[in-house]
Amino acid sequence: MTTMAADAGAYEAVFDAALAADERIEPRDWMPDEYRATLVRQMAQHAHSEIIGMQPEANWITRAPSLRRKAILMAKVQDEAGHGLYLYSAAETLGTSRDELLDKLHSGRQKYSSIFNYPTLTWADVGAIGWLVDGAAITNQVPLCRCSYGPYARAMVRICKEESFHQRQGYELLLALSRGTEAQRAMAQDAVDRWWWPSLMMFGPPDDASAHSAQSMAWKIKRHSNDELRQRFVDICVPQAESLGLTLPDPELRWSEERGHYDFGPIDWDEFREVLRGNGPCNAQRITQRRRAHEEGAWVREAAAAYAAKHGEAQA
Amino acid sequence: MTAALALGDDALVLSHRLGEWAGRAPVLEEEVALANIALDLLGQARVLLSLADDEDELAYLREERAFRNVQLVEQPNGDFAHTIARQLYFSTYQELLYERLAHGSGPFAPLAAKAVKEVAYHRDHAEHWTLRLGDGTDESHERMRRGLDALWRFTGELFEPVEGCEVEWHTLHDAWLTRITSVLERATLAVPEGPRRGGWAAGAGRQGIHTEPFGRMLAEMQHLHRSHPGATW
């Protein structure tokens, strides 16, 4: 064995021991290249989802039907920009800059959550996104607060607190609609009908078809399997839908005494793959708007950099 | 409550315009900053409009001619420099106005005392960007100059006395001009020349006379609320 190989072996042993002891890996610690790459990919995708996710909700800021709802929605969209900032910063601790990651988003080399490729057609969609999409995100993200990589885990603690606010606000928005006029109730039901199945797809492919799951579980980046989290989400949502007085669009949904869980119908994975492949209703629109904002903002960023260079100011 | 409507509508309308930036800002930090300013303004608007009547009835059920905001705040966003020019003119005015109201004994003193801290941040944000854009690149300088020039003719109206605000409008104007002049000088920009108001005896925003884009803004803002008469949200 060469000295270098022996060193690498020793580093790897320290890394493995830290994982085994459930300790956090920090930016300066040695880590396998694949672990680093997996984290960058996952954190970038999460950050991209936050900033692309601003679009379907921002779509309703200018039409929010009361000033209270408008304030709540604006604050929510602002939180998402903030989450994007923490996550890009957390990814920077692994040596990848925000510019690099944005470039990969804009050129399609990195992805964002497919759920944001669906349109927000009515005001009730804002509620359905809060209740179902943020609800699914929280179910996915709470375990990430215990992720083995320190900066990611810490960012997730703060993000999860804010997400659970968003989820409650979405639920409360739908509750107001379901107790409102007939037209409002119908609007709420229609939104839930459209968002339910895409929300279930947010947990990713079934365990036997998930490309990265096993390794991520071994590295303690991921703590539960896709199917486990999906089931947890369904179990939470069914009683909530009953309290809302709304139905979920799945005739096979029923409690199983035997499993101690709700059974649910088959998910249309063809649709999932199509949307992932770029053929969802809003894929082109979302990325075009993101690119346009970035390109139209180039002169602003250049001006800030030029000013900072002239005046020795820390860059904006 | 003429004054509550005037100040409340200023805040409501500018908040709405800033909300239109969501998802379109040039850099992520500005998504956060512009939303923050929009939220502060919306909070102010809700307090002020509630002093006059029901906030939602006022925001969603008045016709264009019943709004009392200055025309400056309803101007469309334009590019980022245009938005910053609007922010600079308005937040400088609003800070000076609220400082005076906070020290007075009128009904707006408590609100103004709280809001002036928020507005000081808005003004600081606008000044910093005016400096960066004015003294950044040739392109940003030119865009900032165009924004300042285009909006200059809406600045005269800011100093028209508002009934119910016990303020010396003349000294408020002088303080505003001194501050704007100093910022623009530091930003290597000239104070625009040309008229400060439109030549129409009917008046402007404070009299319910608005500019053409405002009706379209209200149509968008009000349509959902108006589509469901009597509904609660």
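The figures that follow rest on heavy atoms only: side chains count, while hydrogens, waters and symmetry mates do not. Remember, predicted model here, so these are calculated numbers, not experimental data.
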With a 4.5 angstrom heavy-atom cut-off, is it the side chain or the backbone of [X] that approaches chain B, or both, or neither?
X	value
A:L177	side chain
A:I51	side chain
A:V300	both
A:L67	both
A:R69	side chain
A:S66	both

Could you report the tightest heavy-atom contact between [X] and [Y], atom names first, then the distance?
X	Y	result
A:G297	B:P26	CA-CB, 3.5 Å
A:P65	B:H225	O-ND1, 2.8 Å
A:A306	B:T137	CB-CG2, 3.9 Å
B:L39	A:A75	CD1-CA, 3.7 Å

Contact residues of residues 40-49 of chain B (partner chain A; heavy-atom separation under 4.5 angstrom):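 Interface residues of residues 40-49 of chain B: B:L42, B:R46, B:L49.
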
Quick one: which residues of residues 112-124 of chain B reach chain A at under 4.5 angstrom, heavy atoms only?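 From residues 112-124 of chain B, none sit under 4.5 Å of chain A.
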
Please round to the nearest 0.5 Å and tell me the distance separating atom [atom1] of [X] and atom [atom2] of [Y].
X	Y	atom1	atom2	value
B:H228	A:E182	NE2	CD	12.0 Å
B:S227	A:R63	OG	CZ	10.5 Å
B:L224	A:M187	CG	CE	5.5 Å
A:M74	B:S15	CE	OG	3.5 Å
A:E296	B:R24	CD	CZ	9.5 Å

Within 45° of the six-membered ring axis of B:W233 and under 6.0 Å from that ring's centre, is NZ or CZ of A:R68 located there?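 No cation-pi geometry.
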
If we define contacts as heavy-atom pairs under 4.5 Å, which of B:M217, B:R226, B:R143 has the most with chain A?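 Highest number of heavy-atom pairs under 4.5 Å: B:R143.
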
[Y] and [X], any side-chain heavy atoms less than 4.5 Å apart:
X	Y	answer
B:L28	A:E50	no
A:H311	B:D135	yes
B:E31	A:E80	no

Between chain B and each of A:Q184, A:E295, A:H294, count heavy-atom pairs under 4.5 Å; write down the option with the most.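 Most heavy-atom pairs within the cutoff with chain B belong to A:Q184.
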
Heavy-atom count around B:R216 CZ within 6.0 Å, excluding the residue itself: above 12?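 No, the 6.0 Å shell around CZ holds no more than 12 heavy atoms from other groups.
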
Hey, mind stepping through B:E29 and A:R98 against salt bridge (charged side-chain N to carboxylate O under 4.0 Å, His left out) and telling me if it holds? CA-CA 12 Å; B:E29 283 80 355; A:R98 195 204 303 180; 2.5 Å; yes

Keeping the roles fixed (side chain from A:Q78, backbone from B:V32), state whether a donor-acceptor pair exists under 3.5 Å.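 Yes, the answer is positive, given that a donor and an acceptor are paired below the 3.5 Å cut-off.
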
Region of [X] in contact with chain A, defined by heavy-atom distances below 4.5 Å:
X	answer
B:D138	neither
B:R17	neither
B:H223	side chain
B:L12	side chain
B:Y60	side chain

Do A:T62 and B:E220 have side-chain atoms, one donor and one acceptor, less than 3.5 Å apart?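 There is such a pair between these side chains.
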
Let me see the working for B:L133 and A:Y307 under side-chain contact (heavy atoms from CB on, under 4.5 Å), right down to the final yes or no. CA-CA 8 Å; B:L133 299 181; A:Y307 182 85; over 6 Å; no

